[in-house]
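Here the structure comes first, spelled out in C-alpha cells, and everything after it is commentary.
Sequence positions, counted from 1, serve as the residue numbers for this chain.
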Amino acid sequence: MKLNVIGKNMDIGESLRDYVEENLLTLTQKYFSNPLDGKVIVSKDAHLYQVDISVHVGRNILLQANGSAPEPYPAFDSAGERIEKRLRRYKRKLRDHNRDVAEEMKANQYVIDNSEPADTTDDTEQSAGEPTIVAELPIMIEELTVSEAVMRLDLGELPALMFRNRAHGGLNMIYRRPDGHVGWVDPETIEAQQKTPELVS
C-alpha cells in the first residue's frame with residue numbers, strides 16, 4: 001500500500017512514521033489483501049494531537065476516521081480503532097461489493113463560496129442571485145443499493161452521498177441528519193406513484 005504520513009505544521013519522527021505505517025497496514029490487511037493507498041495527517045491543536053486517516057481499501061471504497069489525544073500515538077490508535085470497527089461491521093458487504101461490477105455516471109461537483117457577497121455594482125462577472133463557484137471537481141456517481149450507499153456514507157464519514165439506485169436506476173441521495181440517523185431522498189418513488197394509472201371500475 002502506498003502510504004503518506006504527513007505532519008501538519010509539525011515534524012514527525014521516524015519512530016511515529018514507522019508505527020503508523022506498520023499498524024495501519026496490519027489493520028487493513030486483516031480485511032483486504034491489497035489495500036490501494038492511504039494518507040495520515042498528524043497535527044496539534046493546543047494540548048491535543050489530531051490524527052486524520054484516509055484509506056482507499058478497494059475500488060471507490062474510502063475509509064476516513066480521526067482521533068485526538070494528548071499524545072500522537074494514542075491519537076492514531078483512536079482513529080485506527082474507528083477504522084477497524086467499521087471494517088469489521090461491513091466485512092462481508094465490502095467483499096461482496098468488490099466482486100460486483102457497478103455502473104457509473106460522470107458528474108461535476110461544485111464548491112460554492114458561502115461568504116457574504118461584497119457590495120458592488122459590477123455584475124458582469126456574476127449574475128444576480130447566482131452563487132460564486134470557487135472549485136469544480138469531476139466525480140463519478142455509482143449505481144448502488146441503499147444499504148451499500150449507507151455503508152459508503154459511514155465508512156467515509158461523509159455528510160451526504162448521491163448515487164444511482166440499483167433498484168430503478170434513478171438518482172437518490174442519503175445524508176446524515178442532525179439526530180444521528182441517515183436520511184434518504186428518492187424522487188423515483190414519487191414519480192412512480194404519479195405515473196400509476198387509476199383503476200377504472
Minimal heavy-atom distance between Gly67 and Ala79, with the atoms involved, is N-CB, 3.6 Å
Let me see the working for Glu142 and Phe163 under side-chain contact (heavy atoms from CB on, under 4.5 Å), right down to the final yes or no. CA-CA 5 Å; Glu142 286 193 86; Phe163 65 101; 5.7 Å; no
Just by distance, do the side chain of Arg164 and the backbone of Leu144 share a donor-acceptor pair under 3.5 Å? no
Grab the two heavy atoms, one from Tyr90 and one from Val150, that are nearest each other, plus how far apart they are. OH-O, 4.4 Å
Which pairs of donor and acceptor atoms, one on a side chain in residues 171-180, lie under 3.5 Å apart (sequence neighbours left out)?
residue : atom : partner : partner atom : Å
Asn172  : OD1  : Asn165  : ND2          : 2.9
Asn172  : OD1  : Trp184  : NE1          : 2.8
Asn172  : ND2  : Asp186  : OD1          : 2.8
Arg176  : NH2  : Leu153  : O            : 3.1
Arg176  : NH2  : Leu158  : O            : 3.4
Arg177  : NE   : Asp179  : OD1          : 3.2
Arg177  : NE   : Asp179  : OD2          : 3.2
Arg177  : NH2  : Asp179  : OD2          : 2.8
Asp179  : OD1  : His181  : N            : 2.9

Separation between CE (Met162) and CE (Met140), nearest 0.5 Å, reads 14.5 Å
Could you give the distance from CE (Met151) to CG (Leu161), rounded to the nearest 0.5 Å? 10.5 Å
Would you please test Val40 and Asn4 for side-chain contact (heavy atoms from CB on, under 4.5 Å) and show each step? CA-CA 6 Å; Val40 178; Asn4 289 325; over 6 Å; no
Has Glu148 got a side-chain atom pairing as donor or acceptor with Thr145's backbone, closer than 3.5 angstrom? yes
Could you check Lys2 against Leu36 for side-chain contact (heavy atoms from CB on, under 4.5 Å), going step by step and ending with a plain yes or no? CA-CA 7 Å; Lys2 180 182 177 183; Leu36 303 178; over 6 Å; no
Do Leu155 and Ile61 touch side chain to side chain, with heavy atoms closer than 4.5 Å? yes
Check the side chains of Tyr73 and Ser15 for a donor-acceptor pair under 3.5 angstrom, ignoring hydrogens and angles. yes
Same cluster for Ile41 and Leu25 if Ile/Leu/Val/Met/Phe/Trp/Tyr side chains link at under 4.5 Å? no
Can Tyr19 and Asp77 be said to form a side chain to side chain donor-acceptor pair (under 3.5 Å), step by step? CA-CA 10 Å; Tyr19 181 85; Asp77 291 341; 2.7 Å; yes
Could you list the donor-acceptor pairs under 3.5 angstrom formed between side-chain atoms of residues 43-58 and any protein atom two or more places apart in sequence or on another chain?
residue : atom : partner : partner atom : Å
Ser54   : OG   : Gln64   : OE1          : 3.4
His56   : ND1  : Asp37   : OD1          : 3.2

Please tell me if the side chains of Lys85 and Arg88 come closer than 4.5 Å, counting only heavy atoms from C-beta onward. yes
Check this for me, if you would: do Arg86 and Glu157 make a salt bridge, where the nitrogen-to-carboxylate-oxygen distance has to be below 4.0 angstrom? yes
Is a side-chain donor or acceptor of Thr28 paired with a backbone partner of Leu24 at a separation under 3.5 angstrom? yes
On a heavy-atom basis, which atom in Leu27 and which in Gly80 lie closest, and how many Å separate them? CD1-O, 3.2 Å
Pairwise side-chain contact, Asp113 with Ile133, heavy-atom cut-off 4.5 Å (strictly under): no
Is it the case that one hydrophobic cluster holds both Leu3 and Leu62, taking links as side-chain heavy atoms less than 4.5 Å apart, direct or via other members? no
